[in-house]
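Structure, as structure tokens:
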Amino acid sequence: MMATQPIVELTDELKQKLTSVSTATITSQLQRLGYQNCFLSGLRPLAENQSMVGYAHTLRYLPARPDIADLMGFNAQKEAAESIEPGEVLIIEARGESDAGTIGDIYALRAQYRGCVGVITDGALRDTPAIKALGMPVYHQASHAAVLSRLHSPLDHQVPIACAGVAVMPGDVIVGDGEGAVVIPVALVEEIAEASMAMEIREEFAIERVRAGGSTRDYFPLHKDKRPEYEAWLEERKTSQNGPASNG
């Protein structure tokens with residue numbers, strides 16, 4: 001039996017922090033904590049500059065077998081689409097198979113209507129143009145017009161899965177951007193958000209200095225001798241963002 005994950009509310013503030021940093025930064029912070037394999041490999045965003053954050057709602061497919069639905073007593077794909085909650089991302093384990101669609105426009109539309117904030121599959125999309133027209137963030141390996149039964153049998157949902165080489169637990173937090181998507185264990189999400197924002201501020205400083213001709217030996221990573229310069233820059237940055245102090 002799977003242990004219940006801690007509940008961390010994705011407040012507007014927390015979501016803003018997660019979507020203001022890149023998946024590359026988040027991945028770096030996860031690696032720092034020993035989580036080396038959280039970026040969903042080999043998947044591409046359906047639209048440019050898309051952004052996504054939500055809780056994982058998992059769906060698992062086995063290789064096609066006609067009696068799976070009869071043995072289970074339900075269609076797991078339909079159950080997932082009909083039970084997904086607002087703020088969740090439907091993430092599908094399709095074993096990396098790209099020669100049959102794993103979700104089409106009708107199930108994607110139903111999930112979106114119920115509040116789904118994104119779809120991820122390590123297989124193929126079907127009805128790709130229609131899904132793109134929904135305007136929902138989607139990450140996928142390929143497109144294929146064949147229905148899923150060509151290769152897949154929907155087995156179950158809201159169970160641990162392996163998608164694009166990453167272990168995903170129901171309730172994990174998934175963040176996506178124009179590069180791809182990364183899975184954050186929910187217990188770490190607040191720590192990762194804060195550390196990622198701090199990292200991007202340091203990199204903002206490094207980019208500014210390197211653009212002006214500075215050496216990466218000094219600024220990336222930040223050399224201890226340049227720490228006072230960084231602290232002064234950081235204070236100036238805070239002042240410019242907050243505005244001058246009021247005398248009234």
Side-chain angles (χ1 to χ4, degrees), residues 1-5 37-38 40-44 46 52 54-134 136-174 176 180-181 183 185-186:
M1 182 176 179
M2 189 184 77
T4 302
Q5 292 214 83
N37 193 38
C38 291
L40 294 156
S41 300
L43 307 187
R44 61 179 183 268
L46 185 57
M52 177 188 74
Y55 300 104
H57 188 118
T58 63
L59 173 59
R60 183 163 66 110
Y61 294 161
L62 287 185
R65 178 171 152 171
D67 62 342
I68 288 285
D70 292 336
L71 290 171
M72 296 301 295
F74 63 90
N75 180 320
Q77 183 191 42
K78 187 183 294 290
E79 289 290 319
E82 293 294 342
S83 64
I84 200 160
E85 296 289 336
E88 291 185 334
V89 174
L90 180 61
I91 179 166
I92 302 168
E93 175 187 343
R95 309 175 318 285
E97 295 278 6
S98 61
D99 291 338
T102 58
I103 188 168
D105 58 339
I106 294 176
Y107 281 120
L109 176 62
R110 178 58 177 163
Q112 185 184 45
Y113 180 84
R114 288 188 53 83
C116 178
V117 296
V119 173
I120 298 174
T121 176
D122 65 359
L125 294 180
R126 187 168 183 259
D127 308 314
T128 305
I131 292 177
K132 186 174 184 179
L134 296 176
M136 180 168 53
V138 176
Y139 298 85
H140 66 304
Q141 183 195 162
S143 295
H144 202 288
V147 296
L148 66 83
S149 58
R150 180 170 186 259
L151 290 177
H152 308 294
S153 290
L155 180 67
D156 45 19
H157 71 114
Q158 287 299 69
V159 296
I161 64 170
C163 179
V166 177
V168 186
M169 306 290 281
D172 280 343
V173 172
I174 304 179
V183 178
V186 68

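The first residue in the sequence is number 1, and the count goes up from there.
- At a threshold of 4.5 Å between non-hydrogen side-chain atoms, the residues His152 and Arg95 count as touching.
- Residues Val138 and Lys132 have side chains not in contact (no heavy-atom distance under 4.5 Å, counting atoms from C-beta outward).
- A donor-acceptor pair under 3.5 Å is absent between the side-chain atoms of Arg114 and the main chain of Glu85, judged by distance alone.
- Under the 3.5 Å distance criterion, the side-chain polar atoms of Arg44 are left unmatched by any main-chain donor or acceptor of Gly180.
- Side-chain contact between His157 and Ser83: present, with at least one pair of heavy atoms (C-beta onward) separated by less than 4.5 Å.
- In this structure the side chain of Ile131 never reaches within 4.5 angstrom of the side chain of Val119, judged on heavy atoms.
- Panel note: side chain Asp127, backbone Ala130; no donor-acceptor pair is recorded below 3.5 Å.
- The backbone N or O of Ile161 sits nowhere less than 3.5 Å from a side-chain atom of Arg60 that would complete a donor-acceptor pair.
- Although no hydrogens or angles enter the test, the distance criterion places a donor-acceptor pair under 3.5 Å between the side chain of Arg150 and the main chain of Asp99.
- To the nearest 0.5 angstrom, Gln141 atom CD is 10.0 Å from Thr102 atom OG1.
- No more than 12 heavy-atom neighbours from other residues, nucleotides or ligands sit within 6.0 angstrom of OH on Tyr113.
- Here the CE-CG distance, from Met136 to Leu109, works out to 8.0 Å after rounding to the nearest 0.5 Å.
- Around CZ of Arg65, the count of heavy atoms belonging to other residues, nucleotides or ligands within 6.0 Å does not exceed 12.
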